[in-house]
Number of protein chains: 2
Amino acid sequence: MKKTRDIKSIEQALVAFYRSSKRMPTYTEMMDLFEVRSKSVVSYWIDKLIEKGILEKDTQGFLKLSGISFGIPLVGNVAAGLPVSAEENIRDVVSMDEYLVAKPDSSFLLRVTGDSMIGAGIIEGDLVIVERGRTPKNGDIVLAEVDGQWTMKYFRRQGRGVVLEAANPAYPLIHPEEELKIGGVITASVRKYLM
Amino acid sequence: MKKTRDIKSIEQALVAFYRSSKRMPTYTEMMDLFEVRSKSVVSYWIDKLIEKGILEKDTQGFLKLSGISFGIPLVGNVAAGLPVSAEENIRDVVSMDEYLVAKPDSSFLLRVTGDSMIGAGIIEGDLVIVERGRTPKNGDIVLAEVDGQWTMKYFRRQGRGVVLEAANPAYPLIHPEEELKIGGVITASVRKYLM
DNA sequence: TCTTATATAGAACGTACGTTCTAATGTCAA
DNA sequence: TTGACATTAGAACGTACGTTCTATATAAGA
């Protein structure tokens, strides 16, 4: 009954190490992690993890956590039961960075102030991810300069021109003059409730 | 004017490599990345990046991207001007995974169906991050089982008992009987508009 | 009990890693 | 042009890496 060393605990140790160190441990470091005294034992378990598909070796032979272990699981549907012991009923596993930010080089975060987009479910305090240099399509939410102020608005084509509309009836429609300044297109929004 | 190799381009190359490979390149691999023919040149530039604080070496001497390069920048306030060339007006840099998911081991993602929490800015299609095993505080949003169905509700203490309230007047208050089943507490929500 | 499979330990080995040295080349200002 | 400095190239070196081997201990089954 007392097995301190099984595949799952080793996987967890590796994931924890990678999360805090941003790299995989060396075999010598794994000796401490797994609480064994020989590198050959490490090799023994690593081989098992590779067989299970939890680990991979890339083209250069370096160890790599294969997606499954990284990121957090996306549950299929709750009706089928909650993931009590993980493993079950999991549709996919995603990294938030990869899921939310397609172009990290040209994106930035912005904290939302005001209630102009409340109708779209974007409320004060949210963070929005803005992608620079992207040409907005009809219906996209954009960060635009109106009267010297940067605000978020729906971008709507109307005939030959463009209208900026807030997701809040309290705000007027904006018919921008020439040279509409677009700071970027909102590609995602996130909100944190608890630490 | 034509400098193919400067600190910024090297940093970008390293970040790109790390993003796709989940590890730092070896010096030999960097020869290709930087388009130089000697490892000593790689070492020469790496030292520069370390001086600038873009790279670090951890206790074991392994290269590591120091936060600044990783994650995406959080802009202070838009009024001060947009980050045209990055670098300016940046308050912080965050990784979405670290920012949103405090306890990756006990968290999972769930896609929202229905409009029961629309008043809280959580709409159909959003992803919520649920933390298992956390005891909900008054006002938290929880994933609870009501009549055999898992739904999201505000968790409110009322005298000795508990009330579950939707963020939508169309839904009735729930006064759970004994044994209220809590699947977890919602710690964050995310929404993706564009790919 | 004996037998087999599983798990651990230690040591030895080849190699690729990062470091460091010398030298040559390019760039820019005086 | 000359000199100072920045950048590149190549080679040599020590070391720590991951691999592999043998041997022993532990657990499970017959």
Side-chain angles (χ1 to χ4, degrees), chain A residues 1-70, chain B residues 1-70:
Chain A
M1 281 301 115
K2 52 181 310 194
K3 292 192 75 177
T4 51
R5 240 182 318 288
D6 57 358
I7 293 195
K8 192 154 297 180
S9 69
I10 288 182
E11 175 183 1
Q12 287 173 358
L14 290 176
V15 172
F17 187 98
Y18 185 85
R19 282 217 167 90
S20 73
S21 301
K22 311 284 191 201
R23 66 172 173 86
M24 292 300 282
T26 66
Y27 278 49
T28 311
E29 288 170 320
M30 292 188 217
M31 285 171 56
D32 289 341
L33 281 180
F34 305 167
E35 291 178 313
V36 296
R37 322 242 295 264
S38 171
K39 283 197 288 182
S40 65
V41 182
V42 173
S43 175
Y44 174 81
W45 284 101
I46 291 299
D47 287 347
K48 288 203 165 190
L49 288 247
I50 292 175
E51 262 183 36
K52 287 266 180 178
I54 298 171
L55 287 178
E56 303 171 9
K57 292 196 182 181
D58 61 18
T59 47
Q60 292 273 339
F62 289 102
L63 283 179
K64 190 180 149 190
L65 285 169
S66 47
I68 311 162
S69 316
F70 208 48
Chain B
M1 283 302 115
K2 51 181 313 196
K3 292 190 75 177
T4 51
R5 239 183 319 288
D6 58 0
I7 292 196
K8 190 153 297 180
S9 70
I10 287 181
E11 176 184 0
Q12 287 174 359
L14 289 176
V15 171
F17 187 98
Y18 185 84
R19 282 218 168 88
S20 74
S21 302
K22 311 285 190 199
R23 65 169 173 89
M24 293 298 284
T26 66
Y27 279 48
T28 311
E29 288 171 321
M30 293 189 216
M31 284 172 55
D32 288 341
L33 282 181
F34 306 166
E35 292 178 315
V36 296
R37 322 243 291 265
S38 171
K39 283 197 287 182
S40 65
V41 181
V42 173
S43 175
Y44 174 82
W45 284 100
I46 291 298
D47 286 348
K48 289 204 165 189
L49 289 247
I50 291 175
E51 263 184 35
K52 287 267 182 181
I54 298 170
L55 286 178
E56 303 171 10
K57 292 198 181 178
D58 62 17
T59 49
Q60 292 272 340
F62 290 102
L63 283 180
K64 190 181 150 191
L65 286 170
S66 47
I68 310 162
S69 316
F70 209 47

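Since the model is a prediction, treat every value here as computed from it, not as a measurement. Numbers restart at 1 for each chain; the letters A, B, ... are given by sequence-line order, proteins then strands.
- Contacts of B/Val36 with the nucleic acid, taken as non-hydrogen atoms under 4.0 Å apart, involve only primed sugar atoms and P, OP1 or OP2.
- A sub-4.0 Å separation between OP1 or OP2 of C/dC17 and a side-chain N or O of B/Thr28 is present.
- Distance from the side chain of B/Arg37 is smallest for D/dA9 among the nucleotides D/dA9, C/dG10, D/dC17.
- Nearest nucleotide to the side chain of B/Tyr27, out of C/dG18, D/dT8, D/dC17: C/dG18.
- Put simply, the side chain of A/Ser43 and the base of D/dG18 share no donor and acceptor less than 3.5 Å apart.
- Applying the 4.0 Å criterion to OP1 and OP2 of C/dT6, one finds that A/Arg5 has every side-chain N and O outside that range.
- The distance between atom CG of A/Leu55 and atom C1' of D/dG18, rounded to the nearest whole Å, is 14 Å.
- Rounded to whole Å, the distance from CE on B/Met24 to C1' on C/dC17 is 15 Å.
- Atoms CD (A/Gln60) and P (C/dG18) sit 10 Å apart, rounded to a whole Å.
- Contact check for B/Thr28 versus A/Gln60: no side-chain heavy atoms found under the 4.5 Å cut-off.
- Comparing A/Ser38 and B/Ser38 against DNA chain D, the residue whose closest nucleotide sits nearer the 5' end is B/Ser38.
- OP1 or OP2 of D/dT7 has at least one side-chain nitrogen or oxygen of B/Tyr44 nearer than 4.0 Å.
- Note: CG (B/Asp6) to C1' (D/dA6) measures 14 Å, nearest angstrom.
- Closest to the B/Lys39 side chain, of the nucleotides C/dT19, D/dG10, C/dA7, is C/dT19.
- Remark: C1' of C/dA16 and CD of B/Glu29 are 11 Å apart, rounded to the nearest angstrom.
- Atom CG in B/Asp47 sits about 13 Å away from atom P in D/dT7, given to the nearest Å.
- Contact annotation: B/Ser40 side-chain N/O to C/dT20 OP1/OP2 distance is not under 4.0 Å.
- The CE atom of A/Met24 lies 5.0 Å from the CG atom of A/Leu55; values are rounded to the nearest 0.5 Å.
- If A/Lys48 and B/Met30 are placed on DNA chain C by their nearest nucleotide, the residue sitting closer to the 5' end is A/Lys48.
- Atoms OG1 and CD, from A/Thr59 and B/Glu29 in turn, are 7.5 Å apart once rounded to the nearest 0.5 Å.
- Using a distance-only test at 3.5 Å, with no hydrogens or angles considered, no donor-acceptor pair links the side chain of B/Ser21 to the main chain of B/Arg23.
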Go through the steps to decide whether A/Glu56 and B/Lys22 satisfy the test salt bridge (Lys or Arg N to Asp or Glu O under 4.0 Å), and finish with yes or no.
-> CA-CA 12 Å; A/Glu56 303 171 9; B/Lys22 311 285 190 199; over 6 Å; no

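- One can place CZ of B/Phe62 at 6 Å from P of D/dC17, the figure rounded to the nearest angstrom.
- Rounded to an integer number of Å, the gap from CD1 of B/Ile7 to P of D/dA6 is 12 Å.
- Taking 4.0 angstrom as the limit, A/Lys57 places none of its side-chain polar atoms (N or O) nearer than this to OP1 or OP2 of D/dG18.
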